[in-house]
Participant: 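Have a look at the structure that comes next, please.
Naming: A, B, ... by sequence-line order, numbering from 1 per chain.
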Amino acid sequence: MTKFSDLNLSPKVLKAIEEAGYESPTPIQAGAIPPALEGKDVLGIAQTGTGKTASFTLPMITKLARGRARARMPRSLVLCPTRELAAQVAENFDTYAKNVKLTKALLIGGVSFKEQDQLIDKGVDVLIATPGRLLDHFERGKLLLTGIEIMVIDEADRMLDMGFIPDIERIFGLVPFTRQTLFFSATMAPEIERITNTFLSAPARIEVARQATASENITQGAVVFKPSRKDREGTEKRKVLRALIDAEGDSCDRAIIFCNRKVDVDIVSKSLKKYGHNAAPIHGDLDQSQRMKTLDAFRDSELRILVASDVAARGLDIPAVSHVFNFDVPSHAEDYVHRIGRTGRAGRSGKAFTICTPRDEKYFDAVEKLIQKEIPRLDNPVKTEAPAEKVEETKDTNEPRKSSRSRSRSKSSDDKRQVETRSEPRTEKREEPRRDTRDNRNDTRGKDRGGRRDNNVVGMGDHLPDFIALSFDERRAS
DNA sequence: AAAAAAC
């Protein structure tokens with residue numbers, strides 16, 4: 001098996017790798033690092049969780065260690081689709097460049113320009129950025145991109161989804177023609193193919209998507225149910241969610257709940273908190289420092305449940321998530337794969353539950369078609385509409401269920417949320433509030449991230465279930 | 001019916 005020491009990385013980088021606890025490169029690393037070090041363009045086709053980030057940071061650090069940055073002329077540029085992803089790449093540089101003198105700046109939105117400007121003025125070796133903020137800096141004339149030696153595009157397919165491709169093309173036009181380009185995408189959509197044909201020159205192509213895997217290690221299940229009333233859908237889904245979480249007990253020690261909408265992220269998070277769960281929301285409307293804090297707490301196991309929009313579906317490095325719950329079926333089937341791919345990583349087992357109501361059904365069908373597998377239906381964990389509850393809940397409108405609801409409810413839709421949050425704890429036997437005593441356990445998980453030494457983890461964690469290992473085209477082509 | 005990203 002290849003070792004990092006066979007890859008021609010600089011001794012200082014090797015030392016940092018060793019200190020982080022790694023010995024063997026993952027396939028994408030073994031494939032991408034040698035051509036990157038030779039100065040070739042690289043086209044890496046790899047899913048998240050394959051060790052992709054290190055496959056460009058390691059050779060970059062090795063190459064940039066020689067030479068120094070000049071003011072306002074960064075020597076390399078890494079573009080990421082989301083702020084979190086950019087921050088994560090920056091952390092990766094910190095880890096592996098700790099024995100090397102390298103300066104870097106993180107240019108992302110949501111934070112002030114001032115500090116970013118100061119860093120750029122001093123001169124940086126590595127610029128890590130989201131496209132919008134990078135162009136903003138550029139337009140202010142504070143930033144020269146003519147000194148870029150290496151440019152990295154991370155998660156290109158996601159950039160495509162987010163409409164960043166015009167920005168990316170523009171940035172390609174601002175960096176020198178002679179630069180080296182390292183380009184990463186989980187899939188090769190036609191538009192991505194076009195970009196790579198245009199902007200890469202004779203790239204070394206490394207595809208690890210089809211990597212064989214030992215076992216299918218995500219257990220999937222779905223609760224399909226019909227809400228008793230349209231206006232109770234949210235409440236009842238939350239109840240199902242709680243029942244699912246509770247049924248998992250202590251084995252559910254780090255979970256992500258995905259919702260399709262930001263409002264629902266907030267509502268679900270609040271509701272869980274009220275029921276004693278250690279939960280917090282993350283989505284794009286929350287301010288950046290809050291997003292970072294929440295994510296850090298989740299990684300450090302201070303936070304047990306992360307309620308998220310699809311900001312967190314792809315790319316973020318969150319190790320060893322025990323459970324993924326889909327509060328909604330994602331409307332893009334591919335997102336299902338990304339979401340549940342947050343669990344069952346690096347050889348660990350994981351569980352993924354999806355809640356599906358009639359309005360989700362067509363998306364659910366699309367998901368099953370994509371993964372070429374039937375997701376086992378689970379019994380609704382909420383006792384089949386216990387009559388006692390029903391009576392209590394509906395006592396204000398004491399009438400047969402099938403009666404028409406044409407009589408508009410006196411509650412305005414405005415105070416619906418309020419009503420619901422008030423009534424929720426009442427409508428069911430409130431379980432013992434769950435105590436998340438994370439501090440009383442021997443918590444080593446936080447350290448997992450940089451230096452896991454578990455026997456069953458290969459390289460930087462390249463264990464993927466079979467269907468994830470298929471490219472999307474292959475999955476679609478069923 | 002959506003999320004993300006620039007002010």
Participant: Return yes if a side-chain donor-acceptor contact under 3.5 Å exists between N92(A) and T53(A), otherwise no.
Facilitator: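 Side-chain D/A pair, N92(A) to T53(A): absent.
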Participant: Using whole Å, what does the distance between atom C1' of nucleotide dA5(B) and atom CZ of F138(A) come to?
Facilitator: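 Spelled out: CZ on F138(A) to C1' on dA5(B) is 19 Å.
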Participant: Just N and O in the side chain of R291(A): are any of them under 4.0 Å from OP1 or OP2 of dA4(B)?
Facilitator: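 No, R291(A) has no side-chain N/O under 4.0 Å of OP1/OP2 on dA4(B).
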Participant: Does OP1 or OP2 of dA4(B) have a side-chain N or O of S309(A) closer than 4.0 Å?
Facilitator: yes
Participant: If you check every side-chain atom of E84(A), which of dA6(B), dA1(B), dA5(B) has the closest atom?
Facilitator: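 Minimum distance to the E84(A) side chain belongs to dA5(B).
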Participant: Within the structure shown, what part of the strands sits under 4.0 Å from P330(A) by heavy-atom distance: base, sugar-phosphate, or nothing?
Facilitator: nothing
Participant: Please classify the nucleic acid contact of T130(A) as base, sugar-phosphate, or nothing, using heavy-atom distances under 4.0 Å.
Facilitator: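 Touches sugar-phosphate only.
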Participant: Whole-Å distance between dA5(B) P and H137(A) NE2?
Facilitator: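 That distance rounds to 15 Å.
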Participant: Which one, dA5(B), dC7(B), dA1(B), comes nearest to the side chain of Y363(A)?
Facilitator: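 Between dA5(B), dC7(B), dA1(B), the one nearest the side chain of Y363(A) would be dA1(B).
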Participant: Between D167(A) (CG) and dA5(B) (P), how many Å, whole number?
Facilitator: 13 Å
Participant: Rounded to whole Å, how long is the line connecting atom CD of E139(A) with atom P of dC7(B)?
Facilitator: 12 Å
Participant: Output yes when at least one side-chain N/O atom of R83(A) is less than 4.0 Å from OP1 or OP2 of dA6(B), else no.
Facilitator: yes
Participant: Measure from the side chain of R133(A), starting at C-beta and using heavy atoms only, and say which of dC7(B), dA1(B), dA4(B) lies closest.
Facilitator: dC7(B)
Participant: Using whole Å, what does the distance between atom C1' of nucleotide dA5(B) and atom CZ of R158(A) come to?
Facilitator: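 Atom CZ in R158(A) sits about 10 Å away from atom C1' in dA5(B).
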Participant: In whole angstrom, give the distance that lies between atom CG of D310(A) and atom P of dA2(B).
Facilitator: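 Those two atoms, CG and P, are 13 Å apart.
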Participant: Are any side-chain N or O atoms of T343(A) and backbone N or O atoms of V321(A), one a donor and one an acceptor, separated by less than 3.5 Å?
Facilitator: yes
Participant: Contact class for G163(A) (heavy atom, under 4.0 Å): base, sugar-phosphate, or nothing?
Facilitator: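 Since no nucleic acid heavy atom lies under 4.0 Å of G163(A), the category is nothing.
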Participant: Quick one: do K293(A) and E302(A) make a salt bridge, cutoff under 4.0 Å?
Facilitator: no
Participant: From C-beta outward on T82(A), which listed nucleotide comes closest to its side chain: dA5(B), dC7(B), dA3(B)?
Facilitator: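 When the side chain of T82(A) is considered, dA5(B) is the closest of dA5(B), dC7(B), dA3(B).
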Participant: In whole angstroms, how far is the P atom of dA3(B) from the OH atom of Y336(A)?
Facilitator: 21 Å
Participant: Roughly how far, to the nearest 0.5 Å, is the CG atom of D41(A) from the CZ atom of F183(A)?
Facilitator: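 Rounded to the nearest 0.5 Å, the CZ-CG separation comes to 11.0 Å.
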Participant: Using atom NE2 of H332(A) as one end and atom C1' of dA3(B) as the other, report the distance to the nearest whole Å.
Facilitator: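 Taking NE2 of H332(A) and C1' of dA3(B), I get 9 Å after rounding.
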Participant: What's the verdict on salt bridge (Lys or Arg N to Asp or Glu O under 4.0 Å) for D167(A) and R170(A), showing C-alpha distance, side-chain angles and the deciding distance?
Facilitator: CA-CA 5 Å; D167(A) 287 348; R170(A) 176 159 173 228; 5.8 Å; no
